[in-house]
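Input: a single structure, listed below in structure tokens.
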Protein chains: 2
Amino acid sequence: MKKNFDMFDQFPDLSEEAKRAFEAELDVISVDKGGLLEQEGQVCNHLYFITEGSARSFYTRDNKDITVSFSLEGEFLTAMHSFISRKPSYENLEAMEKTKVGRIKYESLLKLFEKHHDLERAYRLILEQYYITLEEQLIFTKFKSARDRYLDLMEYRPKIIQRASVGQIASYLDMSIETLSRIRARI
Amino acid sequence: MKKNFDMFDQFPDLSEEAKRAFEAELDVISVDKGGLLEQEGQVCNHLYFITEGSARSFYTRDNKDITVSFSLEGEFLTAMHSFISRKPSYENLEAMEKTKVGRIKYESLLKLFEKHHDLERAYRLILEQYYITLEEQLIFTKFKSARDRYLDLMEYRPKIIQRASVGQIASYLDMSIETLSRIRARI
DNA sequence: ATTATCTTTTGAGAAAAGTCAATTAATCAG
DNA sequence: CTGATTAATTGACTTTTCTCAAAAGATAAT
């Protein structure tokens, strides 16, 4: 069976045993549009890999829904803060369309680390990638106008603009819906 | 010899061998106020632990110096983005006063990981802590007014207000020097 | 001490983005 | 298909914070 997205592509040094052991712990899940993979208030127990579709992470503040990140096919996804700290998550993970994911439990992952040193390293790389993305986002937000943040998103992640709503994009880019709407009108 | 800050306190599960092996690779360095531990444009090759003093990370933009983080005694420190990615750093690490650090080379750390699985785990925990701090900073910045960001810093990290200049604090809190000055006047 | 330099404070006006309100467009359920 | 609900756009006005400029205060060197 051919897969479009192979999570191991990013980890060419993984041993075959490690890959097999990891795959044995994977659950494959299908979620409809709007379905939640993880909910705020609960400890996030899974690391996901998206094989089809897309998802976003968001939290709620003053009854508003604030998007933290978008994830597309071929990307790993979790509520990292909770997954790491084992504390209840403030994030929800939601499918933005019909989406297929592979997921592994936190406990299974830790167990695998005991036997497969190289899996712990691969996990470290995922964590590092998460860190870099976050740091770049922080710097990126800090120096750009609302308009430039939108133009950057268009340039670097155009698929997101196609798949996400104005409200989701606006909160992700840290601006009001109205501001985003005006920016789009004047491009 | 008594140490005020022991970096292993945070890692009670580390084996004695791992601690010894790690310590054997540590260099102890002393830096005067204003001295640079790492410079922008170069790959950051060290993970630091501050035993005395304090440091900050900053970068330069439009000839302005923007503080990214402050670190005090008992904390680990590096230009994480560069340390992880092995690309030139955009950050400088600067001692804010006479400061003593222990540091270990990136390569030494990787070598230690081969023999000491538990050290790789400890490093993962440092990385996770870095991630959490960054994520909290991102959320924290997003929802608070300039005034509340300052009040939060006063509450949670008062030592920083004592040791850093207005300019450093202002850029860290993402506001102009003038705004910070006005906030301080009206407390 | 005294000048020079750098930092901090204060004031006034400008700009970016936000809020509230009204209208138009899109989506969804029956 | 069609009314109902939700999402997006547009306009008017407000707010926050920034920038520029000048004054006051601190620090350092001679």
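- Closest contact between the side chain of B:S181 and the listed nucleotides D:dC20, D:dT9, C:dT9 involves C:dT9.
- In this structure, A:I183 places its CD1 atom 12 Å from P of C:dA16, rounding to the nearest Å.
- A cation-pi arrangement is present between B:R61 and A:F143, with the terminal nitrogen or guanidinium carbon under 6.0 Å from the aromatic centre and inside a 45° cone about the axis.
- When the side-chain nitrogen and oxygen atoms of A:S176 are compared with OP1 and OP2 of C:dA17, none of them lie within a distance under 4.0 Å.
- A salt bridge links A:E23 with A:R20; the closest basic N to acidic carboxylate O contact falls under 4.0 Å.
- Straight-line distance from the CD1 atom of A:I66 to the P atom of C:dG18: 12 Å, rounded to whole Å.
- Rounded to whole Å, the distance from CZ on B:R147 to P on D:dC18 is 16 Å.
- The pair A:E114-A:K111 does not meet the salt-bridge criterion, since no charged nitrogen lies less than 4.0 angstrom from a carboxylate oxygen.
- When the nucleotides D:dT17, D:dT10, C:dT10 are ranked by their closest atom to the side chain of A:R182, D:dT10 comes out on top.
- Between the OG atom in B:S30 and the NZ atom in B:K98 there is a gap of 4.0 Å [rounded to 0.5 Å].
- Straight-line distance from the CG atom of A:D65 to the C1' atom of D:dA8: 16 Å, rounded to whole Å.
- Distance A:D148 CG to C:dA17 C1': 14 Å, rounded to the nearest Å.
- Whole-Å rounding puts the A:K142 NZ to D:dC18 P distance at 12 Å.
- Which of C:dA17, C:dT9, D:dT10 sits closest to the side chain of B:I177 comes down to C:dT9.
- If you measure from atom CD of A:E178 to atom P of D:dT10, you get 12 Å, rounded to the nearest angstrom.
- If you find the closest nucleotide of DNA chain C to A:K144 and to B:L180, the one lying nearer the 5' end belongs to B:L180.
- For B:H46 and B:Y106, the ring centers sit 6.0 Å or farther from each other.
- A straight line from CZ of B:R184 to C1' of C:dT8 spans 9 Å, rounded to a whole angstrom.
- Of the candidate nucleotides D:dC18, C:dA17, C:dT8, C:dA17 has the atom lying nearest to any side-chain atom of A:A146.
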